[in-house]
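This report refers to the structure that appears directly beneath it.
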Amino acid sequence: MTTNAVNMTVLVTGATGRVGRRVVESAEAAGLTVRAASRSGAVRFDWADRSTWADALRGADAAHIAYLPDVGAPGAAETVGAFARQAVELGVRRLTLLSARGEHQAHATEQAVRDAGAEWTVVRASWFAQNLSEGPFLEGMLDGELVFPGGEVLEPFIDARDIADVVVAALTGGDRLTGRTLDLTGPRLLTFRQAVAEVSKAAGRDIAYLPVTAREYGAALAEFGIPAEEVEFLIELFETNLDGRNAKLSDGVREVLGREPRDFANFARECAEAGVFNPATV
């Protein structure tokens, strides 16, 4: 049975994030009524302020969960579990969780959502293509060098738009995707060096990739004022998840959407045409 999107209201947490913003767009295109929630948006929502949760949830039929700073971070399972239980208490029937592929630290958070009492779908993905075009990594790309502890490991870079479309399919797809953990990848495996090279070629300018150790990268984050506990978690995350465990492709996007996932080269070309990687346009 397919859920009728008409009159379906979905709360999207992290609605200004790389995936969340695209979930909002995809959900609106599918005819859903969307509550785009963020710390500074019209629908105020803050993971650190539980007093914001109920107003955001009340009257929603479904909710998409994107936990910051990371779904596997210390305390994530407890916080997300409390949110999911409150959602059910307030009448939310369906939950989707954006989780991390290959991240064992996220398993407790996934289980907390499964145990909340709603219909659920867990969507796992690893490295987003848009991590290179938005957020903190873009500054390095504009400066001509990405410094990152990715070594020469292969990653199945996935376009955030594909993740968003899968999330919306899970929200509206009825029983077909309920109670499932979906594994999503892009269509190709690339090293970070290869990905940066494809961006460099599309943008028509030299952008280098400089691999460093996770500990070196963590030290740089600490210098930028990232709290020590968060730095230690990120070091552990990079040391474990960037060990090649995600160096395999899945057919999750094709299974759910009936089409191939978007290719990284198309992402790089679209961004280049929009001037994203051109310092003169920033």
Side-chain angles (χ1 to χ4, degrees), residues 12-29 36 38 64-71 96-103 123-143 145-150 153-169 182-203 205 207 209 234 237-238 241-242 246 249-250 252-253 256-257 259-279 281-282:
V12 179
T13 66
T16 59
R18 284 181 278 285
V19 175
R21 178 161 54 86
R22 292 168 174 90
V23 171
V24 169
E25 294 169 356
S26 183
E28 289 177 340
S38 64
H64 173 63
I65 302 171
Y67 180 77
L68 294 175
D70 186 90
V71 72
T96 56
L97 172 70
L98 177 62
S99 191
R101 189 177 191 248
E103 186 175 325
V123 178
R124 289 178 179 168
S126 53
W127 196 263
F128 312 150
Q130 282 79 4
N131 285 345
L132 299 182
S133 62
E134 301 173 20
F137 296 100
L138 179 57
E139 182 177 351
M141 300 291 284
L142 293 172
D143 288 341
E145 184 177 69
L146 176 66
V147 179
F148 189 68
V153 69
L154 290 164
E155 278 288 318
F157 285 81
I158 183 168
D159 195 301
R161 292 171 293 183
D162 287 338
I163 302 172
D165 288 347
V166 168
V167 167
V168 173
L182 306 175
D183 182 62
L184 308 183
T185 72
R188 285 190 292 147
L189 294 173
L190 294 167
T191 66
F192 286 87
R193 189 181 303 280
Q194 290 170 332
V196 171
E198 291 202 14
V199 170
S200 181
K201 179 180 179 182
R205 53 184 295 262
I207 306 174
Y209 167 62
L234 290 172
L237 193 63
F238 293 142
N241 274 39
L242 293 173
N246 285 320
L249 302 177
S250 78
V253 172
V256 175
L257 302 178
R259 61 165 175 78
E260 294 299 313
R262 294 174 172 91
D263 190 75
F264 186 88
N266 295 334
F267 153 80
R269 184 177 61 253
E270 290 170 5
C271 288
E273 291 173 351
V276 172
F277 299 114
N278 183 355
T281 65
V282 177

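All of these numbers come straight from a predicted model, not from anything done at the bench. What's counted below: heavy atoms across the whole structure, side chains too, no hydrogens, waters or symmetry copies.
A donor-acceptor contact shorter than 3.5 Å is absent between the side chain of Arg193 and the backbone of Gly150. Proximity of a side-chain donor or acceptor of Ser133 to a complementary backbone N or O of Leu138 within less than 3.5 Å is not detected. Looking at Ser99, its side chain never comes within 3.5 Å of a backbone N or O of Val123 through a donor-acceptor pair.
When Phe238, Trp127, Phe137, Phe264 are each tested for a ring pair (Phe, Tyr, Trp, His ring centres under 6.0 Å) with Phe192, only one passes: Trp127. Partner of Arg188 under the side-chain hydrogen bond (donor to acceptor under 3.5 Å, both in side chains) criterion, out of Glu198, Gln194, Glu155: Glu198 alone.
Ala268 and Ala202 get closest at one heavy-atom pair: O-CB, 3.7 Å. Here the closest non-hydrogen pair linking Val168 and Val23 is CG2-O, 4.0 Å. Closest approach of Ala15 and Val24 over heavy atoms only: CB-CG2, 3.9 Å. The shortest non-hydrogen separation linking Thr13 to Ala66 is OG1-N, 2.8 Å. The two residues Phe267 and Asp159 have their closest heavy-atom pair at CB-OD2, 4.0 Å.
For Phe128, there are no ring-ring contact (aromatic ring centres under 6.0 Å, His included) partners at least two apart in sequence or on another chain. Partners of Arg18 according to the salt bridge (Lys or Arg N to Asp or Glu O under 4.0 Å) rule, which considers only residues two or more places apart in sequence or in another chain, do not exist here. For the ring-ring contact (aromatic ring centres under 6.0 Å, His included) test, no residue two or more places apart in sequence or in another chain qualifies with Tyr209. Qualifying side chain to side chain contact (heavy atoms under 4.5 Å, CB included) partners for Pro156, counting only residues two or more places apart in sequence or in other chains: Arg101, Ser126, Thr185, Leu189, Asn246, Leu249. Annotation: salt bridge (Lys or Arg N to Asp or Glu O under 4.0 Å) contacts of Asp143 (sequence neighbours excluded): none.
Of the inter-residue distances, the one linking Phe277 atom CZ with Leu132 atom CG reads 6.0 Å to the nearest 0.5 angstrom. In this structure, CG on Asn241 lies 5.0 Å from CD on Glu103, to the nearest 0.5 angstrom. With values rounded to the nearest 0.5 angstrom, Cys271 atom SG is found 9.0 Å from Met141 atom CE. The line from CD1 of Ile158 to CD of Gln130 is 9.5 Å long, rounded to the nearest 0.5 Å. Here Ile65 contributes atom CD1 and Thr96 contributes atom OG1; the two are 7.0 Å apart, rounded to the nearest 0.5 Å. Within the model, atoms CD1 of Ile207 and CG of Leu142 stand 7.5 Å from one another, a figure rounded to the nearest 0.5 Å.
Within the 4.5 Å cutoff, the side chain of Leu257 has heavy atoms near those of the Val166 side chain.
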Practice task
Assess whether side-chain contact (heavy atoms from CB on, under 4.5 Å) is satisfied between Arg259 and Val253, documenting all intermediate values.
Solution key: CA-CA 7 Å; Arg259 61 165 175 78; Val253 172; 4.2 Å; yes
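Residue pairs satisfying the salt bridge (Lys or Arg N to Asp or Glu O under 4.0 Å) criterion with at least one member in residues 264-278, sequence neighbours excluded, are listed as follows: Arg161-Glu270.
A salt bridge between Arg22 and Asp162 is absent, with no side-chain N of the basic residue lying under 4.0 Å from a carboxylate O of the acidic one.
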